[in-house]
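All figures in this text were calculated on a predicted structure; none of them were measured in a lab. Below, chains carry the letters A, B, ... as their sequence lines are ordered, and counting in each starts from 1.
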Amino acid sequence: MLRSTVRSRSVNLNLAVSSSTASSLSSRFIGCNDSCKRYISSKGSNLLASLDVNNSSVKSSFEVAPQQRKLNKPQIDLGFWKSSKFSINPNFEPFDRSYRSIINSSSTNRSVMQLWSLLEACLCSNYVDRAFHILESLYAIKPHRINFIDDYNMYLSYLADSGKIKKLSDLSLKVTRDLEKHFPDSTYNDRTIAILVHFALSFSKRSDFGSYITDINTFFSMSNNKNAKKAVLKNTDIFTLNDYKLLRDLNLVEASELPIAIRNIFDKNPSYPSEDTEKTIPPIKSAKSIPETNTNDLKNDDPTLQQLKTSPSEEAILDPDDTEISKKWDLNENIDTIEKDAGELLSVDTIGMKVIRHSLQGLSLTETQKQKIASFNFDSETSILATKLEDKSVDFYEIYCSLKTDAEREKFDEFLENFNQDRQRVLETRSTEAAKERWKHDFMDAKSRGEAPFEKKLNVKLWEWYSQMLPLIKKEVEQANELLQDSLIDKRKAGGISSDYAPYLNLVDPEKMCVITILELLKLNSTGGVFEGMRTARAVISVGKAIELEFRSEQLIRNEMHTFKNVSTKPHVFKKYVWSAKKRLRDHNIEKSKIEWPQAARAQIGSIMISTLLHVAKVNVRGHDPKTNKYVYGELPAFSHSYQYHNGAKIGVLKIHKSLIKQLNGERLATSVQPQQMPMIVKPRKWVSWNSGGYHYSQSILIRTRDSPEQVAYLKAVSEENLIPTIYSGLNVIGLTGWTVNRKVFNVLSEVWNTGKQFLDIPGIQDDMVVLPPLPSNAEPEEVREWKLKNKEIANKISSDRSVRCDSNYKLEIARAFLGEKIYFPHNLDFRGRAYPLSPHFNHLGNDMSRGLLIFWKGRRLGPQGLKWLKVHLANLFGYDKASLDDRIAFANQHIEDLKDSAEHPLDGKGWWQSADKPWQALATCMELNEAFKLENPEDFISHQPVHQDGTCNGLQHYAALGGDVEGAIQVNLVPSPKPQDVYNHVAKLVEARLDVAAKEGDETAKILQGKITRKVVKQTVMTNVYGVTFIGATRQIAKQLTEKFDDKQLAFEYGGYLAKHVFAAIRESFKGAHEIQDWLGECSKRISRAIRLDVDSKSFRNGNKPDFMSSVIWTTPLGLPIVQPYRDESKKQIKTNLQTIFIADPLAVNPVNARRQKSGFPPNFIHSLDASHMLLSATKCGEHGLDFASVHDSYWTHACDVDKMNYLLREEFIKLHEVDLIERLKTEFNQRYKDYLQVCKIPRTSPLARKIVECRKQLSTKLGRPATLADEIHEEKIRKELLNSIESEKQEAGKNMVTTVSIAEDYKDIDTLLKATACHMPILTPLTLPPIPTKGQFDVQELRKSAYFFS
Amino acid sequence: MQLPKFHYGTRHLIDSTAIRGILHNSKVFPRSHVLELYPGIGPFSNEIQKLYNPPHHLLLEPRKNFKATLSENFPNLNNCELDPYDWSTYHILAKSQELNFHPLIQDWSKPNDDLVFVANLTNPHNEGLLMQWLDCITRRNWLYKFGKVPMIIWINSHLAGKLLAPYGSSLRSKRSTFMETLTEISVLAHHKDETYPGVKNHIVETQDSNTKPQEIVEFDDSMIWPIKATKSASSESIVCLKVVPNGKEIDFEPWEFITKHLYMSKITPFKDIADSLGHGGYEYFEPQFRDNQELWNKKPVNMTPKEFIEISNVFMNWPFKPDYRSDFLNIFSEDM
DNA sequence: CGCGTTGCTATAGACAATATCAGTATTTCTAAG
DNA sequence: CGTAGAAATACTGATATAAGTGCTAGCAAATTA
């Protein structure tokens, strides 16, 4: 650790040099000619703002060729430069130096993460002694020692709160002794002090508290920090609010020393309940005393409201932290501390109601509306999803729309935001309880009606399982506890669980664990390619993960409760301060949590839960007894654990009994199975760091990493340096876009759904599988095979239909639950920077149906342009998107009657909308337009419908811009044109032309296929070509299209392959520039993923001559997001669980890269990182201009009336993105990042270079006294480089004179020709070089500003 | 003799004396129809023709290298170059006048005395093919539609070990039980250094149950071409087996279901894996085997064919048994 | 040394083999010093 | 009582499993005469 810090510091120095001579680093070995050529023909030279190399006083070790093109530093840095610079020399141990495999989980050699999670588990379940042993193990890991004190603090803080230590002196003594005796290398820090102070404060009620004050002062003085108190008090998760209060009251600290969030509470709430007031004011005991309070409230607040009305501009500020608003709220609130008891809660709700009523004053609501809102229970602990539709009387959306002025609407939004906070909390944290209560309710219901076992509703069964499972799990937990108590170090198994995992069982309430288990299993139905069941491995991990997640979110709430102990949040306005404080603290707390359970622990816990459930979950079934030939009834386990073979591989499977499947297909699932990641009803937390943003009570990570520590490390590094603000701002804009469910579309959908029949893309209910009749017993093998295949196809179809229907079911139910609500979709990114909503089932990225169900919350007047765009949108949804805009508008105008009929009689009319490409969205748009046409002036219509603008083959657009490829740019509408260019059609025509030629030459296949090449056939292939589709992949796609025409799969496949060849050729032909770039990117990634660091850990050479390549391709997006391709060989391992062993990868291992995937993945990933950047830039800009913005990767959405504005902005952003020569910059970045890396090349053994190298190797061998390996050669080269970089001139000289195999290769001029030779067998090391960049074409990206169809 | 450059891992016994010994010991020849599947470079075929000159002697060898070598070395052999892998090949055979290969369809009550087929499946790649052929015994289709036709196969010793694995052996598998249940199997030749390939003392142990004592030809490395399949391959050799269906009739589908699932955890006692046979498996089977604790506690690797059949029968009487016929539908690859 | 062979993997998401055995490393137990 | 050595256990890595190989290209690695 220490070593690496030093090293990276020195490199940083180098960097300071090199960044000012940025270009000098590029193409050291390539010769500069290539990079010059690239711009000879370019017109864009005005963009080439340059760095003046000559001004640089520092001489780099590389000579700068005078004619070399300077790297253009743009006027505006979007985030690339700083971030790239930082991540090239990150502050952590690089991942390509050596293996990091922590797979061996033997007790002596466990990873830090494993120990952490175990430590945490032990502490949370109060096994302090055991925790101490784990501390010792952690301490034993030497490289970890620097951070050890944090672990100790964690231990100490739990210990202090555990009540095990009675005296302050005991604790402080223990700290001293522990740190001196057990952990001599560690010293306390401010956090340690915080814990001690907090502990001391807990004695405040004692009469001799005075003496503790001295101690507290001593503790503070122990800090090394200049601003000791402030630093100590920063640990908001250790102190409670009362602690802070006490410290202030005792004048031990200044107000300015308190953390800002806490200070706000005190400052703005003079009435903050101190302990004194608690004593003096008798708690409100009955509802009787309430009316007075209320009347007071209502009288008091009138002036404020007046004020509010008259100053709308101030109201616009929604941030609850804002002081102005806070003050206003202050005036009318009376805050009391209320102890929790049942009678009171009731009364509090009544207060709440009044508060709601009055906060709505000033809005032009009807009395009924007011009444409805006031009687709405914002404090209900019942989740939105569990609320029955009948019970939900308020449609906030409707109310919102009925408001007259913007000011009113903003006020209402603010109101919702504030009062929905609690509902959001319930939504996020109480989903399991909600499910449980629902089951119980239905069970009681059924019981009172005395239903027969065969009619049992799903929920009734679930409740029964749950209640039978619970005692067993409790016993299991008890056993685990006994085990933990009995023997401190004994690790032997008892009752199936080893003490390694026992602590985890203790962390979540058994009731919750049971519910989670049942829910997870139901959710996993028909996944993993299992018919009516699931894979055991997945089930086990999922349950374990779900329990861990529950633990995390509970922990967050616990922390919060700890801080706000004894503070009532019931009075609604005070609540607001607490909320804002909590929000801030939560950011802080979430960020801190870094611990993850090891996979093995998840698996263990999951398997225990599942195996218990397997024993108790029963269903009633009818069977046929062959002996008596009668029907018999019985109770069978609902789940059955068995195995299936798949291509000879065993797969553990949990089958669900058919009778249960039937039920699952029939019922409304969302009421039984509470999906956890829902849309939000308050604004998502803003993204502020790599792991803080999105939901309020669970941690989401900015980037969905595939468990790759490398990705996280880079992300974390730039996040901590605050280098990616644009990423955050972009995501925040998207996250703040308010949505609601389109009730009209929902109603249509709901009606269709309830028929249970197939409609559009929703499959009908299918209970039984109809398979082909069995074959005669002596059928020939191929017949049997055919029969099996066909049946598999049938089963597959049914299974997928069911899951599609089930998915639609989820979507529908979620939509139902959120009817009338204002909803938000928090987003995060995939590893390339593309944004995805966190809520998986129902979002605007979903299928046509989900999209059709969603509209913007905010409405905007159409205006003349808006009306046009809405019409265009309709045409687009019908697939009529290749005509000019005017034609598209005409299309809509021609269909006004159809449109009207569709909108008014969606199901009993002509159903024109159903013939659209995207029928549900078309329906929504029809309805919108129809409503507009009803108005005298349709332009006055307030529209909520998002209108899309799609890039034409966005990937190719970026390629064309990168390559300056004129021809390509025309095809993808980067160049203005009266009509949109249709790439797919273009390619189809080219292919057709090629076929004609081939047919003339007598090619039979060509003759057959002539005239069959439609746009549709080639579309997918053209599109995916950008994503690096392989030949076989394309063949499959085309074959799929052809099966419609030929029916014979075999034949279709054959033709598919044939056509794929032509399509590929056609694309290559028309997008030459794109392909040159693509190839260049591919070549770079290939070389990088076969490169070796100079300071590679030679131990990780398993075979000295066969190095393992550890370097993944890493680059920085224009916005500064570092991207690491996570493609490495995964080392999977079998892990024992209660049910079976499961096979999972160790997420923390760092293995050699998978060169193939690195290579094939890079070109598309790079392009995606660009389109993602473009999207985020556009989002930020749209946000700045007050537009509502949403996106599906390369499709940008906004209100109809804002389309023009968005179009302008997105073009500007695209230009801004491409003004810089991104390829050139990428190359420079690569050259810096992979500076001094070596690559292995193969050259002919006979060549003169080979002979020289052999000679050099011989010398090395004699020097070493053993045969030299490649590893030795690398080591030699490393020494040479070190000498060369040395400050001492002697050493530099020595370096210059030193000869290594690498230096020989480096000096050899004509290495390229050698590499091209046919027989290359001798591996040699050469410095890593990148190929020359292809020449950039004439196209100037500025032109697209005028292109109407660039996005349309 | 000309040898091809590459051999796809297929190995041959090339010593004619040894081959003659095998042919003699097999007690199969002479026959009127001899079909050779993947004869390779053809030393075996050559001896058959020289010794017995069967009236219908057909070779199926489509592989380029071998094809060429065959016609060069033994121009007299009739190689029709169809691929034995393709099921369609056998239909062509049946229809073709030109090839004139139409064995008599004989009753299953007695061994077929008209047709024999010989195959060289020493390439580990071909293991799957052999398994499929063997599966044809149950349906009595493919070449087994002609009756209880003997098959003489060359396979690598390791595979032989699987087919012949004795009770309790770690190689004991569904396939060993299959062989024991439905075939007569005997070793015609093996390497002199192999007590038994893969399985220690296998022949001694299983002679009475599976392996009819016969004169066994032993050979050494010098009689094998190539000596090793690949440079780094293990030193195991090849074996010549004779396999004849024993004509036993069983209800194959439930049997297949039971053996497949029981062998999944093959050293776990029946009672502990009964649950994996279907929802409530333990509850159903436990009372059924209360009188047969020995079987109830037995591990699948130790079960006799009879016992598997017994379990299958009990299974068939289970009112709540899973659909054993569509067990293969329970899993599929997700991408389609 | 030039050659032909063999094997592996095929868009991007984002989702997963497992039981058993043999050999070795580590821990625990035992018994003699 | 500490300790050597044996026994037991834990851990790792290898291997079998099922049984059409849905097809073809392109590259990397191992193999061979």
Side-chain angles (χ1 to χ4, degrees), chain A residues 103-108 491-492 524 527-528 535-542 599 643-653 704 706 781-782 784-785 788-789 830-832 834 836 840 1020-1021 1023-1037 1039 1049-1050 1053-1054 1056-1057 1060-1061 1130 1132-1134 1140-1145 1155-1157 1159-1161 1164-1165 1168 1242 1244-1246 1318-1319 1321, chain B residues 3 5-9 65 85-87 125 127-135 158 162 170-171 173-175 226 230-232 260 263-268 301 328 333-334 336:
Chain A
I103 301 181
N104 43 349
S105 56
S106 70
S107 49
T108 48
K491 284 210 323 250
R492 266 175 304 180
L524 287 172
T527 57
R535 295 190 175 199
T536 319
R538 192 172 171 197
V540 161
I541 293 287
S542 296
Q599 290 281 48
Y643 299 90
Q644 288 294 334
Y645 281 114
H646 184 58
N647 292 331
K650 288 170 181 154
I651 292 171
V653 159
R704 304 170 179 211
R706 299 196 325 172
E782 68 268 40
V784 179
R785 173 169 175 248
K788 277 193 172 184
L789 276 178
D830 72 8
F831 77 86
R832 299 158 304 177
R834 284 189 147 190
Y836 299 81
Q1020 199 187 7
T1021 307
M1023 209 154 54
T1024 51
N1025 179 63
V1026 187
Y1027 307 148
V1029 72
T1030 52
F1031 177 75
I1032 191 70
T1035 306
R1036 258 193 237 157
Q1037 293 166 0
K1049 273 201 167 172
Q1050 196 75 39
F1053 199 86
E1054 203 186 306
K1061 256 182 233 162
E1130 48 185 352
K1132 285 184 170 176
K1133 191 194 153 198
Q1134 282 179 257
Q1140 58 172 69
T1141 75
I1142 59 168
F1143 194 54
I1144 38 185
R1156 201 182 201 113
R1157 300 243 277 146
K1159 188 197 160 182
S1160 65
N1165 286 339
H1168 282 323
K1242 287 189 175 169
R1245 237 171 259 279
T1246 42
T1318 41
H1321 282 288
Chain B
L3 291 175
K5 265 187 173 181
F6 296 92
H7 53 74
Y8 304 99
N65 284 0
Y85 183 87
D86 293 324
W87 298 119
H125 219 62
E127 178 177 342
L129 184 54
L130 174 60
M131 296 309 171
Q132 289 172 48
W133 289 350
L134 289 170
D135 278 345
H158 187 76
K162 290 190 212 170
S170 70
L171 284 177
S173 63
K174 185 179 142 208
R175 195 50 69 178
T230 61
K231 208 173 181 180
S232 58
K260 182 166 84 185
Y263 265 116
M264 201 74 76
S265 314
K266 58 183 177 184
I267 59 157
T268 314
V301 275
F328 70 97
S333 18
E334 272 179 294
M336 279 290 257

Just to be sure I understand the rule, does B:L130 reach a base, reach only the sugar-phosphate, or reach nothing, if contact means heavy atoms closer than 4.0 Å? nothing
Could you check if a side-chain atom of A:K650 sits within less than 4.5 angstrom of a side-chain atom of A:F1143, using non-hydrogen atoms only? no
Spacing between A:M1023 atom CE and C:dT11 atom C1', to the nearest angstrom: 11 Å
Tell me which nucleotide among C:dG13, D:dG20, C:dA17 gets nearest to the side chain of A:R832. C:dG13
D:dT17 versus C:dA16 - spacing of their P atoms, nearest Å: 25 Å
Below 4.0 Å: OP1/OP2 of C:dA19 and any side-chain N or O of A:T1141: yes
For the side chain of B:H158, counting heavy atoms from C-beta on, which of C:dG13, D:dA16, D:dA19 is nearest? D:dA16
Take the protein atom CD1 of A:I651 and the nucleotide atom C1' of C:dA16, then report the distance between them rounded to whole Å. 10 Å
Specify the closest pair of heavy atoms between A:A1034 and A:V1029, including all atoms of both residues, with the distance to one decimal. N-CG2, 3.7 Å
Quote, to the nearest angstrom, the C1' distance that separates D:dC23 from C:dC8. 15 Å
Considering only heavy side-chain atoms of A:F1143, the closest of C:dA12, D:dA19, C:dT18 is C:dT18
Has the side chain of B:K266 got a donor or acceptor atom that lies under 3.5 Å from a matching backbone atom of B:K174? no
Is a donor-acceptor pair below 3.5 Å formed from side chain A:Q1140 to base C:dA19, judging by atom type as modelled? no
Value in whole Å for how far the P atom of C:dA14 lies from CZ of A:R834: 12 Å
Separation of C:dT20 C1' from B:Y263 OH (nearest whole Å): 14 Å
Considering only atom C1', compute the distance from C:dA12 to D:dC27 and round it to an integer number of Å. 22 Å
Can you check whether B:K162 reaches B:E127 side chain to side chain, under 4.5 Å on heavy atoms? yes
Could you tell me whether the side chain of B:R175 reaches within less than 4.5 Å of the side chain of B:L134, counting heavy atoms only? yes
Would you mind classifying the nucleic acid contact of A:T527 as base, sugar-phosphate or nothing, using non-hydrogen atoms under 4.0 angstrom? nothing
By nearest-heavy-atom nucleotide on DNA chain C, the more 5' of A:G528 and A:S1160 is A:S1160
So, is B:K162 near the phosphate of D:dA16, with a side-chain N or O under 4.0 Å from OP1 or OP2? no
So, does A:H646 get its side chain near the phosphate of D:dA19, meaning an N or O under 4.0 Å from OP1 or OP2? no
Exam field: side chain A:N647 to backbone A:A649, donor-acceptor pair closer than 3.5 Å: no
Nucleotide D:dG20, atom P - distance to CE of B:M131 in whole Å: 12 Å
Residue A:V1029, side-chain heavy atoms: nucleotide from C:dT11, C:dA16, C:dT20 that is nearest: C:dT11
Would you measure the distance from the C1' atom in C:dG7 across to the matching atom in D:dT31 and give it in whole Å? 12 Å
Does A:R535 reach the main-chain N or O of A:G528 with its side chain, forming a donor-acceptor pair under 3.5 Å? yes
Only counting residues at least two apart or in another chain, list the ones meeting ring pair (Phe, Tyr, Trp, His ring centres under 6.0 Å) with A:Y645. none
Which sits closer to the 5' end of DNA chain D, A:A649 or B:W133, going by the nucleotide each is nearest to? A:A649
Please pick, from D:dG22, C:dA16, C:dA19, the nucleotide with the shortest atom-to-atom distance to any side-chain atom of A:R785. D:dG22
Can you give me the closest heavy-atom contact between A:Y643 and B:S265, atom names plus distance? CE1-OG, 4.3 Å
Under 4.0 Å between a side-chain N or O of A:N647 and OP1 or OP2 of D:dT21? yes
What's the shortest heavy-atom distance between A:L524 and A:A539, and which atoms? CD1-CA, 3.5 Å
Closest non-hydrogen contact found for A:I1142 with A:V540 is CD1-CG1, 4.3 Å
Measuring from the side chain of B:E127 (C-beta onward, heavy atoms only), which nucleotide among C:dA16, D:dA19, D:dT21 has the closest atom? D:dA19
So if I take every side-chain heavy atom of A:Y643 and compare against D:dG20, C:dC8, C:dA19, which nucleotide ends up nearest? C:dA19
Rounding to the closest angstrom, what is the interatomic distance between D:dG20 and C:dA14 at atom C1'? 30 Å
Using Watson-Crick or G-U wobble geometry with both distances below 3.5 Å, tell me the partner of D:dT21, or none. none
Inter-nucleotide C1' distance (C:dT30, D:dG2), Å rounded: 13 Å
Mark this stacking check for B:Y85 against D:dT21 as yes or no, applying ring centres under 5.5 Å and ring planes under 30°. yes
Using a heavy-atom cut-off of 4.0 Å across all strands, would you classify B:F328 as base, sugar-phosphate, or nothing? nothing
Which nucleotide in the set D:dA18, D:dA14, C:dA16 lies at the smallest distance from any side-chain heavy atom of A:Q1134? D:dA14
Tell me: CG of A:L789 to P of D:dT21, nearest whole Å? 9 Å
Read 5' to 3' with Watson-Crick or G-U pairs under 3.5 Å, [ ] for crossing pairs and | for partners on another strand, DNA chain C gives ....||||||......|||||||||||||||.|
Indicate whether OP1 or OP2 belonging to C:dA19 is found under 4.0 Å from a side-chain N or O atom of B:S173. no
Nearest to the side chain of A:R1156, which nucleotide is it out of D:dT21, C:dA16, D:dG26? D:dG26
A:Q1020 or B:K266, whichever maps to the more 5' nucleotide of DNA chain C: A:Q1020
May I have the distance from B:M264 (atom CE) to C:dA17 (atom P), rounded to whole angstrom? 15 Å
Minimum-distance nucleotide (side-chain atoms of B:L171 versus D:dA25, C:dT18, D:dA16): D:dA16
So what does B:S265 touch, heavy atoms closer than 4.0 Å: a base, only the sugar-phosphate, or nothing? sugar-phosphate
Separation of D:dG20 C1' from B:L134 CG (nearest whole Å): 15 Å
